[in-house]
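Structure, as structure tokens:
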Amino acid sequence: MSRYDPAAIEPKWQAAWEEAQTFKAVRSDDKPKYYVLEMFPYPSGRIHIGHVRNYTMGDVIARYKLSNGFNVLHPMGFDAFGMPAENAAMASGGHPKDWTYSNIETMVGQMKPLGFGLDWSRMFATCDPEYYGQQQALFLDFLEKGLVYRKNAVVNWDPVDMTVLANEQVIDGKGWRSGAEVERRELTQWFFKISDYSAELLEALDGLDDWPAKVKLMQANWIGQSRGLQFAFSTVDGPSGFDRIEVYTTRPDTLMGASFVGISPDHPLARALERESEDVAEFCARARKGGTTEEALEKAEKLGFDTGITVRHPFDTAWELPVYIANFILMDYGTGAIFGCPAHDQRDLDFARKYDLPVLSTFVPLSGEHALPEDSGIAYVPPKSEKVRWTRAFDWTEEATGDEAIEAAIGFCEKNGVGQGVTKFRLRDWGLSRQRYWGCPIPVVHCAACGVVPEKKENLPVRLPDDVTFDVPGNPLDRHPTWRDCTCPKCGAPAKRETDTMDTFVDSSWYFARFTAPHAATPTDMAEAEYWMNVDQYIGGIEHAILHLLYSRFFARAMNICGHLPAKSREPFDALFTQGMVTHAIYQTKDANGRPVYHYPEDVELRDGKGFLKDGTEVEIIPSAKMSKSKNNVVDPVKIIETYGADTARWFVLSDSPPERDVEWTAAGAEAANRHLGRVWRLCAEIAESDAPSTNEDEPLLREMHKAIHDVTMGVDSFGFNAAIAKLYAFTNALSKSRAGADAKRQAARVLAQLMSPMTPHLAEDCWQMLGGEGLIANAPWPKADPAMLVEDTVVLPIQVNGKRRGEIEVPRDLSKEEVEKRVLTHEAVVKLLEGGQPKKLIVVPGRIVNVVV
RNA sequence: GCCCGCGUGGUGGAAUGGUAGACACAGGGGACUUAAAAUCCCCAGCCCCUGGUGGCGUGCGAGUUCGAGUCUCGCCGCGGGCACCA
């Protein structure tokens, strides 16, 4: 008998699918549609094992839905703009375009042998002018509807390289290349008005029944609806034009504990003082050092500068509070000014102790020991739902929860004309400008006479120039000799193009819609979008839980407003599954400047839990980190495919680990998966040739078969791929040991092939053919379990005594509770433990368990 | 620092609040073989023990419950996100 030979059968069946156009998505009215999408990859150059896991999951769903009679749309593309292409150009002198397209070619070449049921005819890359031209058209439509605007915002500025840095390029507050201390600098940038949709994006989460609760929670927290008080302090002898400082607080109940006012270094008042005083200017320059991330701001040493200006407390005009400029207050949040209540905020307390400011408690616990914050150095911040005793309040009762006090404080302030209660959101508008080359050009023109003018749609796409260099830092579009030159679309005078390009999140915020009509002359084709949208099942990494998904939800709304998507697609993803990441240790050493250098796993030899390079240098091992190109800890699946075949790789990434959980990659186990597939192949080949007569073991085998259909179907439906595979192992074992006749075995083996076909499609086709199945297994209807074959006549009930298992009895499945109780009480172990007494309680859970309480 | 997860044998993991460890990997033993490979069969949480109807056991500590891996609270450890990595 011949052997399982994936190298021979895999190309064969891929050619068969190609010829039959099995996976081409076709619109037709006779069938329901199903759109399954995995988050498209960045073309880093090689696929890694995380991709294989991600796309295999999607493929299982796609093939399963095809077998269930759906028209399936399962496309693939590339998220192709972004920094790594420019970094590669800087490092090795090529062009980002060449680097990107060559990477795409390589990756497609690596993906095709995996046998994914994809409609490759719909493939595109976001750096295709055809795609980004339509993205520019969307931008112009958004601009017309008032969904885009310009304002100032801070960026990371490298003062040595004279360039804007991404957060990733800021390491410990310093530029990654120059090592210079990074500054926060303001630039005029384009923004999407996502904040207008804060309330809607928050409320609509409730309707996303098939999204993971944790993702909805993360998004809700990110949007961050808060109820608070906005009011103004009046200044004592403030500079002219600054007689008021507007603040927003979510804790107005602590206003009587205020001890200072803090303003951002970019607050208009700070700006004004900066012009007057060198000391202030010096402080503000220092306060602007460091990166822009929230994390950097939170962790940075809190610095303040006493402006000498004071404000009056709104409820006691004799009470004056100092105004500090503070580095941890960002102009982008709220009003750029806060009041500090050290007793009930740790950051404010740290600040107060540093600058010797008073600490006034406004409430204390109802009972128990309480060290006052001014003594302990620990702010008292109980949950807002907890009742506390108020010691410095306005007019509410002595005992109240934080929530009650906040509402009371807002009411009191409104009644006394001090500000008003407002609902605010944490979500900020989405800054889309990037000072980089390899992105979608923002299609506007700057005209001396007309100002900012949108490019005409007939002139789209505004193409990136090819003749650029990356030998010096900065945006090549800025220094291109001619690219900027154009005429004003409005007045025809000579004008200059915008040189900023779009954030790559824009590219990935609508690709799912473009897949429904990838070559339409408009961003979408409404008839196609109407049919294929929404994405029925979206699959991707948990790392995209907030930004990508939130931006896409906003884009879908904006596209609906502009007539590019139907109203039903305002929420574009009906169901979401977040797969866990494939992690791998990072191996790092430090260079002469103390900056990390990352090494590939294949360059590291492991001995006694320590890692060494070939030259003997020991490397630091950082366990279990997200696989990331920049950390060199990616695992290449190509070798596994070459050695064992695609089906082994697919089977292996689905087995063992639950899909939503992170999995630490280990090479061991691929061989075992391969052995099992070989066993299935041999078993099918053997059964195909058997002519054994029927036996009384036929029925037990068929019962096992129906159980397998039921369990595997449930597993696939609920993304329990690892559980489904465990059932398939069990069913294979049962089939292999069964002494049933050839007909029953053939029937069972065909079902085994079908149940395996979404996971190991090539092997399944081959077995199907050997077993005399008709046509392609990919098109065969999914088997159905017969409910009558699933029920057993008797059940085994474990008997617990006081919650501990002490025995078991076998009873007819539908034996009455009373009868079960009677039999349990005669059970040897129970009789012994009862010692002649009566049980205190007897709990019978029908079909599950019995618990005797003595 | 803030938000969200995760933690079960040597390993990956299974388990609608109901027999903890299914299924597999690695390991041990055996069959077949001149031998090996391949294949097949058996064993296997930890501890004590000749034997069990024994003790312990799901990161740690409490709690709710007839019953907790699962629910609640508090810790510890690890991971993801924090708006310019994608």
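All values derive from a computational prediction rather than experimental measurement. By convention in this document, chain letters (A, B, ...) are assigned in the order of the sequence lines, proteins followed by strands, and residues within each chain are numbered from 1.
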### Task
Please examine the side chains of A/Q169 and A/N87, heavy atoms only from C-beta on, and report whether any two atoms are closer than 4.5 Å.
yes
### Message
Show, in sequence, the C-alpha distance, side-chain angles and deciding distance for A/E298 and A/F328, and conclude whether the side-chain contact (heavy atoms from CB on, under 4.5 Å) test is met.
### Response
CA-CA 7 Å; A/E298 288 284 344; A/F328 54 87; over 6 Å; no
### Query
Counting just side-chain N and O atoms, does A/N802 come under 4.0 Å of either OP1 or OP2 of B/rC66?
no
### Whole-Å gap separating P (B/rC23) and CZ (A/R679)
12 Å
### Query
A/P798 has a side chain; which of B/rU19, B/rA24, B/rA83 sits nearest to it?
B/rU19
### Query
Have A/N722 and A/S655 got a donor and an acceptor in their side chains that come within less than 3.5 Å?
no
### Query
With respect to A/Q189, which candidate in A/R150, A/K151, A/Q435 satisfies the side chain to side chain donor-acceptor pair (under 3.5 Å) definition?
A/Q435
#### Entry: Strand contacts (RNA chain B) in residues 839-851 of chain A, 4.0 angstrom heavy-atom criterion
A/K841, A/I843, A/V845, A/R848, A/I849, A/N851
### Task
Rounded to whole angstrom, note down the C1' distance from B/rC48 over to B/rG74.
34 Å
### Query
Will you find, in the side chains of A/W211 and A/Y538, an N or O donor that is under 3.5 Å from an N or O acceptor?
no
### Query
Is there a donor-acceptor contact under 3.5 Å from the side chain of A/K299 to the main chain of A/L297?
no
### Task
Could you verify whether a donor N or O on one side chain and an acceptor N or O on the other, from A/D158 and A/T163, lie under 3.5 Å apart?
no
### Task
Determine the contact category for A/P41: base if any of its heavy atoms lies under 4.0 Å from a base atom, sugar-phosphate if only primed atoms, P, OP1 or OP2 are that close, otherwise nothing.
nothing
### Query
Nearest of B/rU19, B/rC84, B/rA83 to any side-chain atom of A/L547?
B/rA83
### Query
Hey, which of these two, A/D656 or A/M83, hits RNA chain B nearer its 5' end, going by closest nucleotide?
A/D656
### Query
Side chains of A/E38 and A/N54: donor-acceptor distance under 3.5 Å anywhere?
no
### Task
Answer with base, sugar-phosphate or nothing: what part of the nucleic acid does A/S508 contact at a heavy-atom distance below 4.0 Å?
nothing
### Message
Would you say the ring centers of A/F192 and A/F555 fall short of 6.0 Å from each other?
### Response
yes
### Message
I'd like to know if A/E543 reaches the base of B/rC82 with its side chain, counting only an N/O donor and acceptor under 3.5 Å.
### Response
no
### Task
Can you check each nucleotide of nucleotides 1-7 of chain B against protein heavy atoms at under 4.0 Å and return B for base, S for sugar-phosphate only, - for none, in 5' to 3' order?
B-SSS-S
### Task
Would you mind reading off the distance between A/I542 atom CD1 and B/rC78 atom C1', rounded to a whole angstrom?
16 Å
#### Entry: Under-4.0 Å side-chain N/O to phosphate OP1/OP2 contact, A/T293 with B/rC82
no
### Query
Among B/rC84, B/rA14, B/rA24, which is the nearest nucleotide to the side chain of A/N722?
B/rA14
### Query
Is the shortest side-chain N/O distance from A/R675 to OP1 or OP2 of B/rA26 below 4.0 Å?
yes
### Query
Looking at the side chain of A/N733, which of B/rU39, B/rC85, B/rA24 is the nearest nucleotide?
B/rA24
### Query
Rounded to the Å, how far apart are A/R3 CZ and B/rA37 C1'?
10 Å
### Message
Does A/L297 reach a base, just sugar-phosphate, or nothing at all? Heavy atoms under 4.0 Å.
### Response
nothing
### Query
Between the side chain of A/T501 and the main-chain N/O of A/R436, is any donor-acceptor distance below 3.5 Å?
yes
#### Entry: A/I442 CD1 to A/S433 OG distance, which is reported to the nearest 0.5 Å
4.0 Å
### Query
Quick one: is A/R806 getting a side-chain N or O under 4.0 Å of the B/rG54 phosphate, OP1 or OP2?
yes
### Candidates B/rA83, B/rG12, B/rC84 - which lies nearest the side chain of A/R428
B/rA83
### Task
Verify the contact: side-chain N or O of A/S657 to OP1 or OP2 of B/rG13, cut-off strictly under 4.0 Å; return yes or no.
yes
### Electrostatic pair A/E660-A/K214, nearest N-O below 4.0 angstrom
no
### Task
Give, for atom OH of A/Y4 and atom CG of A/D647, the distance between the pair rounded to the nearest 0.5 Å.
4.5 Å
### Task
Name the nucleic acid region contacted by A/Q189, choosing base, sugar-phosphate or nothing; use a 4.0 angstrom heavy-atom cut-off, strictly under.
base
#### Entry: Residues A/S178 and A/D161: side-chain donor-acceptor under 3.5 angstrom
no
### Query
Can you tell me how far P of B/rA24 sits from CE of A/M759, to the nearest Å?
15 Å
### Task
Establish whether the base of B/rC84 is bridged to the side chain of A/Q435 by a donor-acceptor pair shorter than 3.5 Å.
yes
### Query
For RNA chain B, what is the dot-bracket line, given that a base pair needs Watson-Crick (N1 to N3, plus N6-O4 or O6-N4) or G-U wobble (N1-O2 and O6-N3) geometry with both distances under 3.5 Å, and | means paired with another strand?
(((((((..(((.....[....))).(((((.......))))).((((...).)))..(((((..]....))))))))))))....
### Query
What is the nucleic acid contact for A/H544, judged by heavy atoms within less than 4.0 Å: base, sugar-phosphate only, or nothing?
base
### Closest nucleotide among B/rC25, B/rC85, B/rA24 to the A/A672 side chain
B/rC25
### Query
Across the strands shown, which category fits A/G431 at heavy-atom distances under 4.0 angstrom: base, sugar-phosphate, nothing?
sugar-phosphate
